[in-house]
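Reading through the structure tokens given below for one structure.
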Amino acid sequence: MIGLGIVGCGWAASEIVRAGAGLDGLAIVSVFDTDRRRAQALAAAAGTTVAADLDALLDHPQVDAVYAGLPHALLPEVVERALARGRHVLSEKPLAVTPDIALRLGEMADRRNLKLAVFFELRRAGTVEAARRIVQERRIGEARLVRLRTLIDKRRDYWGPPGQLNWRASRALAGGGVTMMNSIHQLDTLRYITGLDYVSVTGAISTLAAPAGVEVEDAASATIGLSNGGIVSLVASAHAPGATRAETIEIDGTLGRLDLPDPFGSEPLRLYADGGWTDIPVERPDSHRLMLQAFVDAVATGGAVPASAADAAQALFVVDGLYRSFETGRLVHSGASASKVAR
């Protein structure tokens, strides 16, 4: 039985509690949040207790692993402290706001023989698992041109009530807007499906429709280079009018094409191969529950985590590189430094 402590008791943590209910091998033994009322509400839902502070949670004798669900910029400190106390860690995405920090945390976990996983739950979505099998079977050949669309029509109170902007609006706390918050899931998903890495990025960001005072982008466009020479086109909007279930991926290959619908919708995969289109219905299992189970299994067996710090660093390279590209007007390459800029 793996004892889990939860740090940060917002909506993301409530999904962990929901997904972990009755999960084999997992027990939530303590929670902590600087907002004690929020922590008490989550503890009641989980049937557990509230820790007095972070140190008390990390020192709890039954806490084997920690889930960190915090504003992006606050994740690295908590992850590092948990690893230093000998706890395995499941971090909410993106783990860090730069790839270098993500890699450093991964190296720290490896040195201590601890598991550090990042909660990219789309890796266990039915559409994504089916697409991964199709691509691995080379039914569309080699991926060449990909279109990622992160089109969402978010409520205006997503940024907080009028006159009270929340952490998502802060560049210091969130690290970025729709690209960091949402597109990063699709960026990780594409790597999981194709096995390809990202090698370059250029593009632009803007804040077009969010309320006054929002410091992060609500719209973005990027061109991303793949390790096989392919190209990814990304367009993202947090306020795309009328957008519903519109986070999609289209992969053109040398032998065909694969279209992934929104993973939480009901549309089938669409495969173009051998001169015709085929709809491929897929099941929609609880991807949060499956991802949590995969982390528990990794801790229990010593196996690989379902998404690693290195995986997070690859997705973060694109997001961080996009921001740097916009600031400099130059192409950003991967390499020893994720912020290397072409001159």
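Numbering of residues begins at 1 and proceeds along the displayed sequence.
G20 and L26 get closest at one heavy-atom pair: CA-CD2, 4.2 Å. Taking each heavy atom of V89 and F295 in turn, the nearest pair found is O-CE1, 3.5 Å. Across all non-hydrogen atoms, the minimal contact from G8 to A13 is O-CB, 3.1 Å. In this structure, A309 and G106 approach most closely via the heavy-atom pair CB-CA, 3.6 Å. The two residues T254 and G141 make their nearest non-hydrogen contact at OG1-CA, 3.4 Å. Closest non-hydrogen pair, A19 versus L292, comes out as C-CD2, 4.1 Å.
For the side chain to side chain contact (heavy atoms under 4.5 Å, CB included) with V201, the lone residue among L322, T223, L331, V319 that qualifies is L322.
Counting only heavy atoms from C-beta outward, the side chains of L58 and V63 never approach each other to under 4.5 Å. When side chains are defined from C-beta on, E217 counts as touching T179, because their heavy atoms get closer than 4.5 Å. When side chains are defined from C-beta on, P94 counts as touching L75, because their heavy atoms get closer than 4.5 Å. S237 places none of its side-chain heavy atoms less than 4.5 Å from the side chain of I152. The side-chain heavy atoms of M108 and L114, taken from C-beta on, include no pair separated by under 4.5 Å. For the pair N228/T194, no side-chain contact is recorded, criterion being any heavy-atom separation below 4.5 Å from C-beta on. C9 has its side chain out of reach of D35: every pair of non-hydrogen atoms, C-beta onward, lies at least 4.5 Å apart. By the 4.5 Å heavy-atom criterion applied to side chains, D59 and R85 are counted as neighbours.
With hydrogens and angles ignored, the 3.5 Å screen pairs a side-chain donor or acceptor of T207 with a backbone N or O of V216. The backbone N or O of G265 lies less than 3.5 Å from a partner atom in the side chain of R284, making a donor-acceptor pair. With hydrogens and angles ignored, the 3.5 Å screen pairs a side-chain donor or acceptor of D218 with a backbone N or O of L208. Between the side chain of R132 and the backbone N or O of Y192 there is at least one donor-acceptor pair closer than 3.5 Å. Between the side chain of E250 and the backbone N or O of R147, no donor-acceptor pair lies under 3.5 Å. In this structure, D153 contributes its side chain and G242 its backbone to a donor-acceptor pair below 3.5 Å. Checked by atom type and distance alone, the side chain of S325 pairs as donor or acceptor with a backbone atom of G203 at under 3.5 Å. Looking only at distances, no side-chain donor or acceptor of K93 sits under 3.5 Å from a matching main-chain atom of V118. In this structure, Y198 contributes its side chain and V232 its backbone to no donor-acceptor pair below 3.5 Å. Not one N or O on the side chain of R156 forms a donor-acceptor pair closer than 3.5 Å with the backbone of P211.
Hydrophobic clustering (side-chain heavy atoms under 4.5 Å, transitive across Ile, Leu, Val, Met, Phe, Trp, Tyr) keeps L83 apart from L103. In the hydrophobic clustering of ILVMFWY residues, with side-chain heavy atoms under 4.5 Å counting as a link, I28 and F32 come out apart. In the hydrophobic clustering of this structure, L226 groups with I184; members are Ile, Leu, Val, Met, Phe, Trp, Tyr whose side-chain heavy atoms approach within less than 4.5 Å, directly or through other members. In the hydrophobic clustering of ILVMFWY residues, with side-chain heavy atoms under 4.5 Å counting as a link, V29 and L23 come out apart. Cluster annotation: L70 is not connected to V79 through the hydrophobic network of ILVMFWY side chains, with a link wherever side-chain heavy atoms come within less than 4.5 Å.
Of the charged side-chain nitrogens involved, none lies within less than 4.0 Å of a carboxylate oxygen, so that E327 and R324 do not count as a salt-bridged pair. Using a 4.0 Å cut-off between a side-chain N of Lys or Arg and a carboxylate O of Asp or Glu, D311 and R123 qualify as a salt bridge.
Between I249 atom CD1 and L190 atom CG the span is 6.0 Å, to the nearest 0.5 Å. Distance check, rounded to the nearest 0.5 Å: CH2 of W159 to CG of L165 gives 9.0 Å. For the atom pair CG of L316 and CD1 of I101, the computed distance is 9.5 Å after rounding to the nearest 0.5 Å. Taken from CZ in R149 to CG in L260, the straight-line distance is 12.0 Å, to the nearest 0.5 Å. Atom OG1 of T98 and atom OH of Y323 lie 12.5 Å apart (nearest 0.5 Å). R139 contributes atom CZ, which lies 7.5 Å from atom OG1 of T278 (distance to the nearest 0.5 angstrom).
Residues that satisfy the side chain to side chain contact (heavy atoms under 4.5 Å, CB included) test with S227, not counting sequence neighbours, are L196, D197, V199. Every residue meeting the side chain to side chain contact (heavy atoms under 4.5 Å, CB included) condition with P263, not counting sequence neighbours, appears here in chain and number order: L122, A125, T127. Evaluation of the ring-ring contact (aromatic ring centres under 6.0 Å, His included) rule for F120 yields H185 as partners, not counting sequence neighbours. The side chain to side chain contact (heavy atoms under 4.5 Å, CB included) check on A43 picks up V31, T48, V50, with sequence neighbours excluded.
No more than 12 heavy-atom neighbours from other residues, nucleotides or ligands sit within 6.0 angstrom of CG on D274. Residue E137 places its CD atom among more than 12 non-hydrogen atoms of other residues, nucleotides or ligands, all under 6.0 Å distant. Around atom CG of D53, more than 12 heavy atoms belonging to other residues, nucleotides or ligands sit under 6.0 Å away.
Applying the ring-ring contact (aromatic ring centres under 6.0 Å, His included) test to every pair with at least one member in residues 59-101, sequence neighbours left out, gives these pairs: H72-W167. Each ring-ring contact (aromatic ring centres under 6.0 Å, His included) pair with one or both residues in residues 240-282, not counting sequence neighbours, appears once here: Y272-W277.
In summary, the side chains of N182 and E247 do not present any donor paired with an acceptor at a separation below 3.5 Å, with no hydrogens or angles considered.
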### Message
Apply side-chain contact (heavy atoms from CB on, under 4.5 Å) to residues L271 and I134 and explain how you reach the verdict.
### Response
CA-CA 9 Å; L271 171 66; I134 289 169; 4.2 Å; yes
Evaluation steps, side-chain contact (heavy atoms from CB on, under 4.5 Å), between L105 and E80: CA-CA 7 Å; L105 292 171; E80 186 168 2; 4.0 Å; yes
Next item on the list: Test Y158 against M181 for side-chain contact (heavy atoms from CB on, under 4.5 Å), laying out the working first.
Entry: CA-CA 12 Å; Y158 169 82; M181 187 70 69; 3.2 Å; yes
Can you check side-chain contact (heavy atoms from CB on, under 4.5 Å) on L90 and M291, steps first, answer last? CA-CA 10 Å; L90 175 60; M291 197 67 171; 5.9 Å; no
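The aromatic rings of W11 and H288 sit perpendicular, their planes meeting at an angle over 60°, well past the 30° parallel limit.
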